[in-house]
Undergrad: 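My structure is below; once you've seen it, I'll send some questions.
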Amino acid sequence: MKYLSFILLLFTLIGCKKDEKTGETDKAVVKKESIVKEFGFVLNNFKVVHDTIQRGDTFGGILGKEGYDAAQIHAITEKIRDSFALRDIRIGKPYTLLKQKDSLNKLQLFVYQPDATSYYVVDLRDSIAKAYKKTRPITIKRRLICAEIEGSLSETLSEAGASPALAHELSEVYAWSIDFFKIQKGDKFAVAVNEKYIDGTKYAGLESIESSYFEYKGNRIYAFPFKKDPNARRVDYYDEEGKVLKSMFLKAPLKFSRISSRFSPRRFHPVQGRWKAHNGTDYAAPTGTPIMSTANGVVERAGYTAGNGNYVKIRHNSTYSTQYLHMSKILVRKGQRVSQGDIIGKVGSTGLATGPHVCYRFWKNGVQVDALKQKLPSSEPMNSKDKPRYMAYIAPLKKELDSISNIKFSK
């Protein structure tokens, strides 16, 4: 007993050791639980279950697993059907269950996230269920990126901490000026971008490109987005002199293809077995590959002939027309207005064709010519009345690009 008393006294002295400097007795430090907030709720107050929609999952099925019977599920879905499109729930999308923190584990709230910027809440805490949609606050941050090509454009941008989407956007902007499969180590670029962030921290995608330049084959090609009509939705890109970057025609009617036969005054026809002129360019591609209109225009003809198969002819203006042959499917009608890049049909082998391809024919002033040898016009030029406003707009942007490149590449 004497020994037990001594041990208890020793523990008491150790536990109540005083700080030599302050004379205060040490106290046990209790670490406070950090508060976690999301979806407008304090998650600490719930048992939280994160999951994703699997094949076969439905909102009713999820409620069923949580103990709701068929009558309750029907009543809930009827109450929220106008606030939450339950049929739009998609496989792979995340959802969160917030449950009571007790032995019952009763479901209190269901949260579904259709995308990174919004979420639906189904509140089951009262006898009358309710649903609503919330949008997360988006912050736009501006960033300047200046780099020298080391590998591909995507690799270089990734090294600079930029989104892969930026490589795609830049390739679209410069599609008529630069062959990005031929860029070389040492080519340079600078770009000013606006990026979206959720709650100011989580990257949510590219908002817009403000300005850029690309040094390609010794030339610096600038690109500035500009709306001739400030209220218009469409934006075109122009260089430092106000010349539009976009050409009137795409280089080809297919994105992924190879030229299988060129325009020729004399070619042996593989089906007819005789020598004759081939007044078009053949692009081989798998059946079903989308065929694009190479320029804005109006569908002049859409139909079938024994030789052409399914075909579409488009008049672009008083000078130019194009035709697309051997389609497996036509997706436009006569008189329909189309824009450059619109899908007008699918690759096939109808008519006189030995395999799937599109024969692309090109008319200039009513005469069929070789599309690959034409010096084609740019898109509609900037009106002289818009140029002063444009030049004033791009002046500080160009100065900024030049300044950052001078700092970056003069080291």
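Along the sequence shown, residues carry numbers from 1.
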Undergrad: Is it the case that Q54 and T52 place a side-chain donor and acceptor less than 3.5 Å from each other?
TA: yes

Undergrad: Strictly under 6.0 Å, is that where the ring centroids of Y119 and Y112 end up?
TA: no

Undergrad: May I have the step-by-step check of salt bridge (charged side-chain N to carboxylate O under 4.0 Å, His left out) for E195 and R142, ending in yes or no?
TA: CA-CA 6 Å; E195 297 173 315; R142 189 174 187 273; over 6 Å; no

Undergrad: Decide whether D402 and S405 meet the rule of one side-chain donor and one side-chain acceptor closer than 3.5 Å.
TA: no

Undergrad: Please determine which of N308, I330, I291 meets the side-chain contact (heavy atoms from CB on, under 4.5 Å) test together with Y324.
TA: I291

Undergrad: Hey, does the side chain of K101 reach the backbone of N44 with a donor-acceptor pair shorter than 3.5 angstrom?
TA: yes

Undergrad: Taking atom types as modelled, find out whether H316 and T322 have a side-chain donor-acceptor pair closer than 3.5 angstrom.
TA: yes

Undergrad: Less than 6.0 Å separating the ring centroids of F110 and Y95?
TA: yes

Undergrad: Check for a donor-acceptor pair, side chain of D123 on one end and backbone N or O of D126 on the other, with a separation under 3.5 Å.
TA: no

Undergrad: Is atom CD of E159 surrounded by more than 12 heavy atoms (other residues, nucleotides or ligands) closer than 6.0 Å?
TA: no

Undergrad: For the residue pair S212 and Y174, confirm or rule out a side-chain donor-acceptor distance under 3.5 Å.
TA: yes

Undergrad: Checking side chain to side chain donor-acceptor pair (under 3.5 Å) between Y360 and each of T294, D282, T281, which is the one that passes?
TA: T294

Undergrad: So, for F224 and Y238, is the gap between ring centers shorter than 6.0 Å?
TA: no

Undergrad: Are side-chain N/O atoms of H326 and S349 paired as donor and acceptor at under 3.5 Å?
TA: no

Undergrad: Could you check K141, R143, E210, E207 and say which one makes a side chain to side chain donor-acceptor pair (under 3.5 Å) with N194?
TA: E210

Undergrad: Kindly give the heavy-atom pair with the smallest separation between I53 and R90, and that separation in Å.
TA: CB-O, 3.3 Å

Undergrad: Whether the R136 and Q113 side chains hold a donor-acceptor pair (N or O, under 3.5 Å, no angle test) is what I'd like checked.
TA: yes

Undergrad: Please check if the side chain of T289 supplies one atom and the backbone of A285 the other of a donor-acceptor pair under 3.5 Å.
TA: no

Undergrad: Quick one: ring pair (Phe, Tyr, Trp, His ring centres under 6.0 Å) partners of Y311, sequence neighbours excluded?
TA: none

